[in-house]
Peer 1: 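Sharing a structure with you now.
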Amino acid sequence: MGKKFFIVEDHSLMRYGIATWINENSDWECAGMAQNKSEAMEKIKNIFEENKETAFVVIADITLDAQEYDYSGLELIKDLYAYAPDIKTICFSMYKNPGVIQMALNNGASGFMSKTGSEEELLECMEAVLKGNKYVEKNLNSSVETYVQAVSSLTKREAAVLELILKHKNNGEIARVLNIQKRAVESYTSRIYDKTGCKNRNDLITFLG
């Protein structure tokens, strides 16, 4: 059974650089590349339908349109997991924040690697997720564990509010997304501060985001 990978990255030099290095230094074969979510979904579906017997890993950046606080890569990971859980995805990002890592895992990612990680560990991550394991870059594991402990006591609604805060949404935007009153957002936010030990939004974003 062949091992194929697909790269979703909006920077062409990064996209081709990763593909070239993996092709030249492993037994993995590049099945294709895309620079945005829609292109990736179309290509990946076509490849997967034609090669269902092939081990397939998608390496996807979190931000795919070069806009600040864009998380379309997370939406791609979520959509791919819903489409075919057998497709393993690795979130590959400049962000190292534990909140972002956890969001990626919650959306269906099997692995997480930062862009400052080593190429060798990226291959290790690819092999691990192919076997059905979860893999987070080694030097980021402890921060994720701290994050999980900090938010484990949050209610489902508080966690939803926190996720939107980490996406830099203001109270009005959060209220609209969750279809609740703005004062309810303020109440949930206050409880989040109490449970995480943070004093304000900046603390939350620095510690968890």
Peer 1: Assess the side chains of N106 and Q102: does a donor N or O sit below 3.5 Å from an acceptor N or O?
Peer 2: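 Yes.
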Peer 1: Closest approach of I192 and E158, non-hydrogen atoms and distance?
Peer 2: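 Looks like CD1-O, 3.3 Å.
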Peer 1: Got a sec: does the NZ of K43 have more than 12 other heavy atoms crowding it under 6.0 Å?
Peer 2: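 Correct, the count exceeds 12.
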Peer 1: Going by an N to O cut-off under 4.0 Å, is there a salt bridge joining E127 and K131?
Peer 2: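 Not counted as a salt bridge, because no side-chain N and carboxylate O are separated by less than 4.0 Å.
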Peer 1: Ignoring hydrogens and geometry beyond distance, is a side-chain donor-acceptor pair present between Y16 and E9 at under 3.5 Å?
Peer 2: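 Side chains of Y16 and E9: no pair found under 3.5 Å.
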Peer 1: Give me the one residue out of V129, I7, I47, V8 that meets side-chain contact (heavy atoms from CB on, under 4.5 Å) with V58.
Peer 2: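 Only match with V58 under side-chain contact (heavy atoms from CB on, under 4.5 Å): V8.
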Peer 1: Under the side-chain contact (heavy atoms from CB on, under 4.5 Å) criterion, do E137 and F112 qualify, and how do the steps go?
Peer 2: CA-CA 6 Å; E137 187 176 326; F112 190 99; 5.5 Å; no
Peer 1: Taking atom OH of Y81 as the centre, does the number of heavy atoms from other residues, nucleotides or ligands within less than 6.0 Å exceed 12?
Peer 2: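 Counting neighbours around OH of Y81, 12 or fewer heavy atoms of other residues, nucleotides or ligands fall under 6.0 Å, so no.
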Peer 1: Quick one: does E39's side chain have a donor or acceptor within less than 3.5 Å of a partner on Q35's backbone?
Peer 2: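 Such a contact is found between E39 side chain and Q35 backbone.
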Peer 1: Can a salt bridge be assigned to the pair D10 and R15 using a cut-off of 4.0 Å between side-chain N and carboxylate O?
Peer 2: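 No, this pair does not count.
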Peer 1: Between F48 and F56, how do the two ring planes meet: parallel, tilted or perpendicular, split at 30° and 60°?
Peer 2: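 The arrangement is parallel - the two ring planes meet at less than 30°.
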Peer 1: Is there a donor-acceptor pair under 3.5 Å between the side chain of K4 and the backbone N or O of V57?
Peer 2: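 Side chain of K4 to backbone of V57: no pair is present.
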Peer 1: May I ask you to decide whether K37 forms a salt bridge with E42, counting only side-chain N to carboxylate O separations under 4.0 Å?
Peer 2: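 No.
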Peer 1: Salt bridge check: are K3 and E29 linked by an N-O gap of less than 4.0 Å?
Peer 2: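 No salt bridge links K3 with E29.
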Peer 1: Whether K138 and E124 form a salt bridge (side-chain N of Lys/Arg under 4.0 Å from carboxylate O of Asp/Glu) is what I want to check.
Peer 2: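 Salt bridge between E124 and K138, a charged N being under 4.0 Å from a carboxylate O: yes.
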Peer 1: Cation-pi check for Y83 against K45: NZ or CZ below 6.0 Å from the six-membered ring centre and within 45 degrees of the axis, yes or no?
Peer 2: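 Judged by the rule, K45 and Y83 form a cation-pi pair.
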Peer 1: Using a 3.5 Å cut-off and no angle test, enumerate the donor-acceptor pairs between side-chain atoms of residues 174-182 and protein atoms at least two apart in sequence or in another chain.
Peer 2:
none

Peer 1: Write down the atom of I22, the atom of L123, and the distance for their closest heavy-atom approach.
Peer 2: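 So the minimum-distance heavy-atom pair works out to CG2-CD2, 4.0 Å.
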